[in-house]
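Reading through the structure tokens given below for one structure.
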Amino acid sequence: MADRAPTPERQLAMVFDLNKCLGCQTCSIACKTLWTDQEGMEHMWWNVVNTLPGDGSPRKWMETAGGFDAEGKSRPSVLPTSEEFGVAWKYNYDEVWNSSDTVLSKDRDTKWGMNWDEDEGAGQWPNNYFFYLPRICMHCTRPACLEACPRTAIYKREDNGIVLIDEERCNGYRFCAEACPYKRIYFNPQRKLSQKCVLCFARVEQGVAPACMRQCPGRIRFFGYLDDPDSAVYKLVNEWKVAIRLHPEFGTEPNLYYVPPLAPSRLTDDGEIDESQPRIPDEYLEWLFGPGVHDALNILKAEMEKRRNGEPSELMDILIAYKHGDMFGGFTNDPGVLDRKPDSVKTGALNSPKTRS
Ligand code: SF4
Ligand code: SF4
């Protein structure tokens with residue numbers, strides 16, 4: 001197994017505001033068309049948007065352990081099956097186009113998919129609830145995937161903290177996919193190697209924010225260096241402390257932070273507002289984000305109230321994201337400046353030891 005990754009000079013980080021996600025999957029498609037549209041990658045969604053409460057993808061991933069325990073020792077886990085991730089399926093386009101069958105349906109053997117439990121949620125009307133949880137590799141400060149690899153094929157870039165798989169070294173053993181507690185690594189059966197989100201490193205090197213972040217119409221995704229006091233990421237994580245980690249007890253110190261979800265007040269049977277208990281149960285939010293979720297939600301509520309009363313709120317201004325460019329911590333170049341085509345990156349040629357500095 002590999003040694004612990006050295007601390008990088010700087011660390012890129014992301015903040016996703018769960019109060020603004022539409023569940024539109026534009027992020028998933030932006031990533032799919034840029035990175036995982038080749039043979040052997042049909043089933044891969046480096047970016048997923050799951051509905052919570054729900055089983056997510058791979059199915060029941062939050063219950064599979066992995067990562068590290070409170071003493072910093074590896075927690076055993078399991079390797080998800082391809083069925084748990086959800087296999088690629090085909091729709092009956094031909095029948096719909098050429099016969100009297102007008103119902104678009106998918107292959108009936110398929111049992112799971114990337115957002116299979118879309119919009120189901122939990123609770124009873126009128127107090128039912130759900131929210132979306134977009135997920136990518138968290139480019140952890142202590143990547144369990146990296147330490148689990150006997151080939152030292154996974155590395156954390158010293159200049160920006162992005163975690164990458166060296167495709168020339170990977171032998172497809174999948175210890176990384178098992179060890180990652182967020183289950184964000186896929187297996188490519190054609191090339192017999194593991195693959196995952198590369199945080200659009202070739203774009204980032206040229207000052208362009210990752211595709212999933214730039215293309216998000218909900219403007220939920222903030223990006224930048226965690227030590228840059230001018231970046232929205234820094235302000236949301238370090239100053240306002242409303243952006244917190246998902247399952248911090250997994251021990252990998254993920255660098256994707258979430259602004260937790262607020263929900264409307266509950267209603268009584270008579271349709272009156274019932275503030276005696278929250279719509280999303282406290283225990284559920286604590287299970288997801290740890291006890292710090294309550295402080296984060298209280299700060300959000302207080303700042304929203306200030307705005308309702310006509311007072312200024314820097315936090316609300318940041319979260320509303322009036323100016324798209326303000327979300328990206330200086331990574332505001334237009335993708336038109338890119339001088340490498342994505343295809344040259346997809347070959348893995350750039351994802352090699354040469355990029356390890
Ligand atoms: S989220 Fe998983 S794959 Fe990504 S760096 Fe962390 S441990 Fe590795
Ligand atoms: S593109 Fe943005 S709003 Fe749409 S699903 Fe992805 S994160 Fe949510």
Side-chain angles (χ1 to χ4, degrees), residues 1-2 4-5 8 11-33 44-52 58 61-62 64-68 74-75 77 79-80 114-115 118-119 130-149 153-157 160-165 170 174-187 194-199 201 209-223 245-248 250-259 261 321 324 327:
M1 301 298 121
R4 195 169 169 154
Q11 178 65 58
L12 285 165
M14 301 75 76
V15 171
F16 293 178
D17 181 356
L18 299 185
N19 294 294
K20 293 173 75 184
C21 180
L22 315 167
C24 64
Q25 306 282 359
T26 307
C27 49
S28 307
I29 299 301
C31 178
K32 186 87 192 142
T33 52
M44 287 188 200
W45 293 97
W46 289 356
N47 181 105
V48 294
V49 184
N50 298 152
T51 298
L52 290 189
W61 67 272
M62 286 193 246
T64 59
F68 306 100
S74 297
R75 298 192 310 171
S77 185
L79 186 63
M114 186 263 267
N115 193 16
E118 182 172 4
D119 296 3
F130 70 83
F131 57 92
Y132 299 111
L133 182 75
R135 299 161 51 218
I136 61 175
C137 165
M138 312 236 173
H139 299 276
C140 304
T141 294
R142 190 180 176 193
C145 57
L146 179 151
E147 291 184 38
C149 177
I154 303 186
Y155 60 104
K156 188 167 175 65
R157 278 181 50 158
N160 56 21
I162 295 177
V163 175
L164 294 171
I165 299 174
C170 178
R174 285 168 275 174
F175 293 115
C176 55
E178 183 176 334
C180 169
Y182 298 98
K183 296 294 177 277
R184 287 292 75 224
I185 297 185
Y186 290 81
F187 182 63
S194 297
Q195 293 181 306
K196 70 166 194 71
C197 159
V198 294
L199 205 56
F201 69 91
C212 63
M213 317 224 180
R214 264 190 73 92
Q215 296 201 16
C216 169
R219 297 196 179 188
I220 87 150
R221 295 179 174 226
F222 300 84
F223 181 69
R245 285 171 162 153
L246 176 67
H247 284 299
F250 286 175
T252 62
E253 300 170 51
N255 289 299
L256 167 52
Y257 296 80
Y258 292 94
V259 179
H324 199 214
M327 303 179 70

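One is the number of the first residue; the rest follow in order along the sequence. Remember, it's 1-based here, ligands and their atoms both numbered in the order they're listed. Remember, predicted model here, so these are calculated numbers, not experimental data.
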Show me which atoms of ligand 2 lie under 4.0 Å from any heavy atom of [X].
X: T26; answer: 1 (S)
X: Q25; answer: 4 (Fe), 5 (S)
X: P217; answer: 1 (S)
X: L22; answer: 3 (S), 8 (Fe)
X: I220; answer: 7 (S)
X: R221; answer: 7 (S)
X: V49; answer: 5 (S)

(request) Heavy atoms only: give me the nearest K156-G161 pair and the separation to one decimal. (result)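 Here K156 and G161 meet closest at NZ-O, 2.6 Å.
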(message) atom 8 (Fe) of ligand 2 and C21: any N/O/S contact shorter than 2.8 Å?
(response)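 It does: C21 brings an N, O or S atom closer than 2.8 Å to atom 8 (Fe) of ligand 2.
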(request) For ligand 1, note which part of I185 has a heavy atom under 4.0 Å away: side chain, backbone, both or neither. (result)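 The part of I185 near ligand 1 is the side chain, not the backbone.
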(request) Examine the proximity of ligand 1 to K183 and report which part, side chain or backbone, both or neither, has a heavy atom under 4.0 Å away. (result) neither
(message) Rounded at 0.5 Å granularity, tell me how far CD in Q11 sits from CD1 in I162.
(response) 8.5 Å
(message) Under 2.8 Å from atom 4 (Fe) of ligand 2, is there any N, O or S atom belonging to C216?
(response)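 No N, O or S atom of C216 is closer than 2.8 Å to atom 4 (Fe) of ligand 2, so no.
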(message) Would R135 and W61 count as a cation-pi pair here, with the cationic atom under 6.0 angstrom from the ring centre and within 45° of the axis?
(response) yes
(request) Validate the cation-pi geometry between K196 and W46: distance from NZ or CZ to the six-membered ring centre under 6.0 Å, angle to the ring axis within 45°. (result)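 The answer is no; the distance or angle limit is not met.
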(message) One residue to check: Q215. Relative to ligand 2, which of side chain, backbone, both or neither has a non-hydrogen atom less than 4.0 Å away?
(response)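 Neither; no heavy atom under 4.0 Å.
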Is there a donor-acceptor contact under 3.5 Å from the side chain of [X] to the main chain of [Y]?
X: R245; Y: Y257; result: no
X: K183; Y: E178; result: yes
X: N255; Y: H139; result: yes

(message) Please report whether the ring centroid of Y182 lies less than 6.0 Å from that of F250.
(response)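 Close enough - the centres of the two rings lie under 6.0 Å apart.
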What residue and heavy atom of the protein are closest to [atom], and at what distance?
atom: atom 4 (Fe) of ligand 1; value: C137 SG, 2.4 Å
atom: atom 6 (Fe) of ligand 2; value: C27 SG, 2.3 Å
atom: atom 8 (Fe) of ligand 1; value: C145 SG, 2.3 Å
atom: atom 1 (S) of ligand 1; value: M138 N, 3.3 Å

(message) Assess whether a salt bridge exists between E147 and R142, defined as any Lys/Arg side-chain N lying under 4.0 Å from an Asp/Glu carboxylate O.
(response) yes
(message) I'd like to know whether ligand 1 has K196 as a neighbour, heavy-atom separation below 4.0 Å.
(response)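 In this structure, K196 qualifies as a contact of ligand 1 - some heavy atom is under 4.0 Å.
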(message) Any N/O/S atom from C180 (main chain or side chain) under 2.8 Å of atom 2 (Fe) of ligand 1?
(response) yes
pair [X]-[Y]: side-chain heavy atoms closer than 4.5 Å:
X: R221; Y: P134; result: yes
X: L199; Y: M213; result: yes
X: Y132; Y: L52; result: no

(message) Which of the numbered atoms in ligand 1 are under 4.0 angstrom from any heavy atom belonging to A144?
(response) 7 (S)
